[in-house]
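Here is the structure we will look at.
By convention in this document, chain letters (A, B, ...) are assigned in the order of the sequence lines, proteins followed by strands, and residues within each chain are numbered from 1.
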Amino acid sequence: MSQDNQDNLLIQLQDVCKIFEEEDGTQNQVLSHIQLDVRKNTFVTLLGPSGCGKTTMLRIIGGFETPTSGKVLFEGNDLAGTPPYKRPLNTVFQRYALFPHLNVAENIAFGLKIRKLPKAEIQEKVKRALHLVNMDGYDRRRISQLSGGQQQRVAIARAIVNEPKLLLLDEPLGALDLKLRQEMQLELKRMQKRLGITFIYVTHDQEEALTMSDMIVVMNDGVIQQIGTPEDIYNEPVNAFVADFIGESNIINTAVMNRDKLVTFLGRTWECADVGFGENAPVDVIIRPEDVILDQPREDKLCGEVTAIIFKGVHYEMQVSAGGFNWLVHSTSMWEPGTPVSLDVIPFNIQVMAKSPYSDLQFRRREEDEYEEV
Amino acid sequence: MKKSKPRYRAGSIADGQKFMAIPLLLWSIMFILLPLAVVLYNAFLDPSGGFSLDAFRKVFSSDGIYLHLLLSSLWLAVESTLICLLLGYPLAYILSRHASASVMILVFILPMWMNFLLRTYSWLAILGKNGILNSLFSLIGLPGINILNTRPAVVLGMIYNFLPFMVLPIYNSLNKIDPSLIEASGDLGASEGKTFLKVVLPLSIPGVYSGISMVFLPAVTTFVIPSLLGGGKVDMIGNIIESQFLKTNNWAFGSALSLILMVLIFAFMKATSKYNTEENERGGLI
Ligand SMILES: Nc1ncnc2c1ncn2[C@@H]1O[C@H](COP(=O)(O)OP(=O)(O)OP(=O)(O)O)[C@@H](O)[C@H]1O
Ligand SMILES: [Mg+2]
C-alpha cells in the first residue's frame, strides 16, 4: 500500500480475533480474522444480524475488550495497552450508559469538564448539542425522567459534543420512531460531514445502512462477508448471505455458469454480464424483485403464473411461480393472481455469485415459511 | 424535592389501601408511639406522681456533668463512625471489585450471627493484661500494653462491632453501580481516579449515608461496650440512662436523658436524610 494511502487511514483492524471463554470451558469465537481499514472522514456501517459480533468489535476499538489476537492501529499506532480514556474516540453505547446522578446537561458536559474547557464554552457546546438532538430545554431534567428515545438522544449528544476524531455508535437510533429516526439520520450524516468525524456505526437496519454509509461492512457469525459502498453491496453482493440480508432478492442456488456471460438456471439459458467463473461451474444467481419484468406469456420466455399479490404503496409485490421457483416480483403494474405471465431479466441485472455456505439459506427459509403457512 | 403522589379515583383502590394500612398502623402504635408515650410521661413525673420539670432541670444543671457526658458520648460515637467509614469504604470498595467477594462477605457477616455480648466479651480475653494480644507481644519481645478500660478500648469495641454495618450498605451500593457507567466515564476521557471521584463515589453516597446512620445510632446509645471494655471508667450517656432505670431507680431522670438523646438523634437523622432522600432508591442495606 502506498504511503499516501497509509496517511489517509484512521483506524485499521489487522487480523483481529476474539474468543470468549464460556463458564463451562467451551470457547466461543465471536470475531474471526477481522481485517478492516477505515479512511478518515468516512461513515462506515457495521451491518449484520443480532449476535454477529458488532458490539464486540466496537468494544475492542474502544478499548473495553482486548482482542485475543490481532492488532488495532490508530493513525498507524498500535492501540494495544492504551486504556479507553486515552483513546481519541467516543462511544454512543447500545444501552446508553447515562449517569443517573447527573442531569441531562451535566451528562453532556462530562467529557468537556474532564478536558477542563472554560465554563462558558462548555455551556455553549452543551446547548448546541441539545439542539442538535432536538432536546432544547431539557438540560435540567434528571435521566430517570426521560423516555427511552430521549435517553438515547442524550447519549448521542454526550458523545458527539466532544468532537472526537472517531465516533463509535452502537445502534444509536434503535429506540426512536420512524420519523424522528429519519430526521436524526440526516442530522448525524450532516454532523459527520461538517465536523469531519469518522463514524463507525452499528445497525441491523439495512435501509439505514444503505442511506447513510460511505462504506458498509456486512458481517455474519464474526466473519466479514463483504466490504463495499452501498451500491456495491446492493448491486454486487459477493454471496447469498449478503444478497439475502440486504434488500429483498430471488436467490437461485441451482444455477450453472456455462461460460463467460452465459448462465443456465430454471431450465433456460440466460445472458448475463459476469465473467471469470470458469466453464460449467455451479454458482448462485441473485435477481432483485424490481428487476423482474412481467409480460404476456411468450414462447421464447420463461412462463409462469401469478400466485399472490400485495399492494405496497409505491408498487405491487407479487409472487410468481415459474420454472419450479417461487419468484418475488415488484412492479408498478398489477397482475391478478391466476394470470399466466412471462418473466424476463436484462443481462445486467442477473448477478452471479460464487457458491458459499449460505447458498441454500433463502431456500431453506422459504421452505420453513411455507411449512408454517400449511 | 416534592414527589407527586399517585392519585386514585375515589372508590375501590383507595378503600382497599386503607385496610392494607391497618396492620402498619397497629404496629406503629404498639412499638413506636406507646414506648415513646411512656418515656414522655415518665420524664415529666415527680416521685409523688405530679407534673414536674425537675428531671430536665437536673440534666441542664448539675455543673453540666450530664451535658458534658452527652456531648462526649456524641463525640465518641462520631469518632467511631468516622473510623468505621474510613476503614469501611476502602474495604467495601475492594470487596466490590472482586468477583469472589461473597466468601469475604460471609467472613464479615459470620461474627454478626454470634451474640453481641459474647463478641464483646471475647475482646476482654484479647485485650486483658494476660490476654492474647499481650501474650503475642511478649512472644515477639514487645512490651505489653494495657488498653483495657480506656477510651481506645471502647472505640475499638465499637469499630469491631459496628464495622460490618458500615461495610455492607456501602458494598451494596457500590455493587449496584452499572459497570457500563464506569466504561462510559473512561470513554469520555476520565482516568480511573477521576472516574472514582465523579461516578463511583457520588453513586455510592446513599450507601455511605445508610452506613453512617447504621453505625452512629447504635454507637451513641450503646452501654454494653463502654461497661465491658471501659470497665466503668469510660461512661457514655447510655450507661447513665441504664443505671437510672436498673440501679438508682430514677425513671424520670432516665426518661429525660433519653428524650434529649432522641431529639439529638432525630436532628442527626434529619441532617443526613436531606441528602439521602433523592437517591434512596439506590442505596440502603436491604
Ligand atoms: N462478555 C462476554 N462474554 C461472553 N460472551 C460474550 C460477551 N459479550 C458478547 N458475547 C457473545 O458474543 C456474541 C456477539 O455479541 P455482540 O454483542 O458483539 O453482538 P451484536 O452483533 O452486537 O448483536 P446485537 O445486534 O444483538 O447487539 C454473542 O453471541 C454474545 O453472546
Ligand atoms: Mg450489539
Side-chain angles (χ1 to χ4, degrees), chain A residues 23 55 58-65 82-103 106-117 122 129 140-145 151 154-170, chain B residues 1-6 89 93 96-102 169-170 172-211 272-284:
Chain A
E23 264 162 37
T55 298
L58 284 197
R59 289 175 60 78
I60 284 175
I61 297 172
F64 304 115
E65 215 72 81
T82 308
Y85 75 93
K86 284 189 181 154
R87 299 192 179 201
L89 53 85
N90 288 109
T91 309
V92 180
F93 291 90
Q94 188 167 13
R95 278 184 290 250
Y96 322 148
L98 298 173
F99 303 119
H101 61 299
L102 302 177
N103 66 26
E106 289 163 342
N107 261 281
I108 298 174
F110 193 92
L112 303 174
K113 278 186 187 156
I114 296 282
R115 277 160 50 202
K116 299 211 163 64
L117 260 56
I122 292 181
R140 303 261 154 265
R141 277 287 185 99
R142 297 211 75 84
I143 298 305
S144 57
Q145 295 166 339
Q151 291 185 20
V154 175
I156 294 173
R158 185 179 69 174
I160 218 166
V161 77
N162 301 293
E163 300 179 16
K165 284 185 181 171
L166 175 62
L167 195 62
L168 309 176
L169 303 99
D170 200 346
Chain B
M1 196 199 281
K2 236 185 195 171
K3 288 215 173 100
S4 62
K5 286 191 187 127
Y89 197 101
Y93 187 72
S96 74
R97 306 214 80 185
H98 288 291
S100 59
S102 48
I170 296 178
N172 265 331
S173 62
L174 284 173
N175 226 15
K176 270 186 217 154
I177 298 176
D178 184 351
S180 70
L181 296 180
I182 293 166
E183 289 186 351
S185 171
D187 183 77
L188 292 164
S191 60
E192 268 184 52
K194 279 209 170 125
T195 297
F196 176 78
L197 287 179
K198 300 196 115 198
V199 180
V200 178
L201 189 61
L203 286 174
S204 66
I205 288 298
V208 169
Y209 279 125
S210 62
T272 54
S273 74
K274 204 173 82 187
Y275 300 95
N276 219 344
T277 43
E278 202 156 274
E279 336 258 324
N280 64 359
E281 312 104 85
R282 282 199 309 276

Winner by heavy-atom pair count (cut-off under 4.5 Å) against chain B, out of A:Ala97, A:Pro83, A:Gly111: A:Ala97
So B:Val199 and A:Phe110, side-chain contact (heavy atoms from CB on, under 4.5 Å) or not? Walk me through it. CA-CA 10 Å; B:Val199 180; A:Phe110 193 92; 3.8 Å; yes
Side chain, backbone, both or neither: which part of A:Leu112 has a non-hydrogen atom closer than 4.5 Å to chain B? neither
So A:Leu102 and A:Ile143, do their side chains get closer than 4.5 Å, heavy atoms only? no
Heavy-atom distance under 4.5 Å between the side chains of A:Thr91 and A:Asp170, does that happen here? no
Minimum side-chain heavy-atom gap A:Phe93-B:Asp187 below 4.5 Å: yes
Taking side chain as everything from C-beta outward and backbone as N, CA, C, O, which of these in B:Ser185 sits under 4.5 Å from a heavy atom of chain A? Side chain, backbone, both or neither. both
Answer yes or no: is there a side-chain heavy-atom contact under 4.5 Å between B:Leu188 and A:Ile114? no
Which portion of A:Phe99 sits near chain B, non-hydrogen atoms under 4.5 angstrom: both
Considering only heavy atoms, which portion of A:Asn90 lies under 4.5 Å from any heavy atom of chain B: side chain, backbone, both, or neither? both
Part of A:Arg59 within contact of chain B (heavy atom distance under 4.5 Å): side chain
